[in-house]
Amino acid sequence: MIIKVAKDFSRKPTARTEVEGANSGEKFRETLLVPMLVEAIKSSKKLIVDLDGTAGFGTSFLEEAFGGLIRVNHIEYSDINKTLELISHEEPYLIDDINQYILDAKNEIK
Amino acid sequence: MKKLYQSSKYKAYNRKHARSSICARCQYVNWLKNKRFHEIGLTKSELAHKRKQKTKYWDFVHICAPRRLCVLTNSDAVFKFLEKIQECHNGNKKVFLVLKDVEEIDNSAILLLLSGVIRFKSIGIDFDGDFPRNANVKHVLVKSGFFRCIINKVVPNDKYEVLSNNDFILTHASKRVDADIGDAVIGKMSKAIWGSSKRCQGVQRTLIELMHNTHDHADVINLGTKHWWLSVNLSDDHSRVSFSFTDFGVGVFTSLDNKSIGQKFHEWRSILSRKFTFKSNPEILKLILDGKLHETVTGKPFRGKGLPGIAMTLKRNQISNLHIITNDVFCDYENSNYKKLETPFSGTLVYWEISKNNECCNDN
């Protein structure tokens, strides 16, 4: 299962929440990422999120989209770790950043 | 003759004449007081200019721009000039900008002028100015749309746009985080530099971070009330694009100092001082840009967020020539030059450039 952010969501991801700007991390998480991740977890498949092809990401978008999986949607860290795979050839540093956002969210709710 | 002056008709005429004479004299004295009041604090050249413009702009505050109206190389004089404009904005006073002696101007100064015109006119305060005598400066100001803004009416809005005739100076303002503007501007300018439309993720990230900062922190009480202003300028030889981004909020340090209990950076100074020694805000800004403030206060690395994240885009060669000006600090990040400003700037101004030497991706 694969999500290409640029094609399936928006080529121009914006802010953290819809109040701050359209095409937010909150909207991406609620409308696309969570439904597909939950389905992937249930069917024991990998969910690949391809971050290439966008105009560029703000850190708040990524933190809300991925950190919010644990903080807001209460998905287990172990399930996310097993299921989610990230691709970012254009900005390889994003993968480390996102993994850290997820880990920080896990440590916050402990 | 004595009989004439004692006649009741003459006395009545004399009384009426004396009354109107006193009224006229009182009106003149009030007018003079008002004129002198408007001249308080003006320099000799400003006074001389004002007296030449007696009829049309007598009740405008005449503010002379420095000869070198360049934020990056003459910041103290420019912010002193800006402070006078800001005082008029706060006091609802009409402003006449004396630009005739300006010999040099940079893109950040153009942004400050453009945002000034729109801010004044959108709340109904008259704003006017004269043409610079220097042909190059005049040409750049005309191209930027500054004088068009002076002539045209400005309606209060959440979004503003000033485009030049040839689309090589673009100015936008908004209160929201808007990725569309960044993408459109980068796409247009990249065609001029690289010959084809490109995606500059570092620039887009920088813009989104700055828009977020304005939305969340420019006002210490309410979110999303202040405009951010962005001006993008292509150099004449099409080799370089410069970006100037500003807001007229409270500035980084005032925003941090006003964080309340429960907020991430509450009492940040005392926490930071336990680990680092610093004497002034320029030294603190260096710590902020190196990510030390975030790490010390929160216990975690900054992970690309905020100002340290923007500094990171320079280290990755996604942008060049990064300058940050906020409160009383001027920073030329690439050359590690941090200095204290004599006249603080209440707000934040960030400047950077891109050229063929910076990283970008093809537009699919």
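From a predicted model like this one, the values you see are computed outputs, not experimental measurements. So that the names make sense, note that chain A is the first sequence line, chain B the second, and so on, each numbered from 1.
Interatomic distance, CD of B:Q318 versus CD of A:E91, reported as 6.0 Å (0.5 Å rounding). How far CZ of A:R16 is from NE2 of B:H212: 6.5 Å, rounded to the nearest 0.5 Å. To the nearest 0.5 Å, atoms CD (A:E20) and CG (B:L223) are separated by 7.5 Å. The OH atom of A:Y93 sits 9.5 Å away from atom CE of B:M312, with the distance rounded to the nearest 0.5 Å. Atoms OG and NE2, on A:S60 and B:H215 in that order, are 11.0 Å from each other to the nearest 0.5 Å. With rounding to the nearest 0.5 angstrom, the NZ atom of A:K12 is 11.0 Å from the CD1 atom of B:I208.
When the candidates B:E359, B:K198, B:K175, B:Q204 are compared by the number of heavy-atom contacts under 4.5 Å with chain A, B:Q204 comes out ahead. Contact count versus chain B (heavy atoms, under 4.5 Å) is highest, among A:S24, A:S10, A:A15, for A:A15.
Sparse packing is recorded around NZ of A:K45, with 12 or fewer heavy atoms of other residues, nucleotides or ligands lying under 6.0 Å away. No more than 12 heavy atoms of other residues, nucleotides or ligands sit less than 6.0 Å from atom NZ of A:K4. Within 6.0 Å of the NZ atom in A:K46, the count of heavy atoms belonging to other residues, nucleotides or ligands exceeds 12. The environment of CD in A:E85 is crowded: more than 12 heavy-atom neighbours from other residues, nucleotides or ligands sit within 6.0 Å.
A salt bridge is defined here as a Lys NZ or Arg NE, NH1 or NH2 lying under 4.0 Å from an Asp or Glu carboxylate O, and B:K305 with A:E63 fails to meet this definition. A salt bridge links B:D363 and A:R11; the closest N-O separation between the charged side-chain nitrogens and carboxylate oxygens is under 4.0 Å.
Not one N or O on the side chain of B:R205 forms a donor-acceptor pair closer than 3.5 Å with the backbone of A:T59.
Between B:A179 and A:P13, the shortest heavy-atom distance links the atoms CB-O, 3.6 Å. For the pair B:R176 and A:A22, the tightest heavy-atom approach, listed with the atom from each and the gap, is NH2-N, 3.6 Å.
A side chain to side chain contact (heavy atoms under 4.5 Å, CB included) with B:V177 is found for one member of A:V19, A:N23, A:T14 and no other, namely A:T14.
The part of A:T54 that comes within reach of chain B is its backbone (N, CA, C, O), which places non-hydrogen atoms under 4.5 angstrom from that chain. Residue B:D180 touches chain A through both its backbone and its side chain, counting heavy-atom pairs closer than 4.5 Å.
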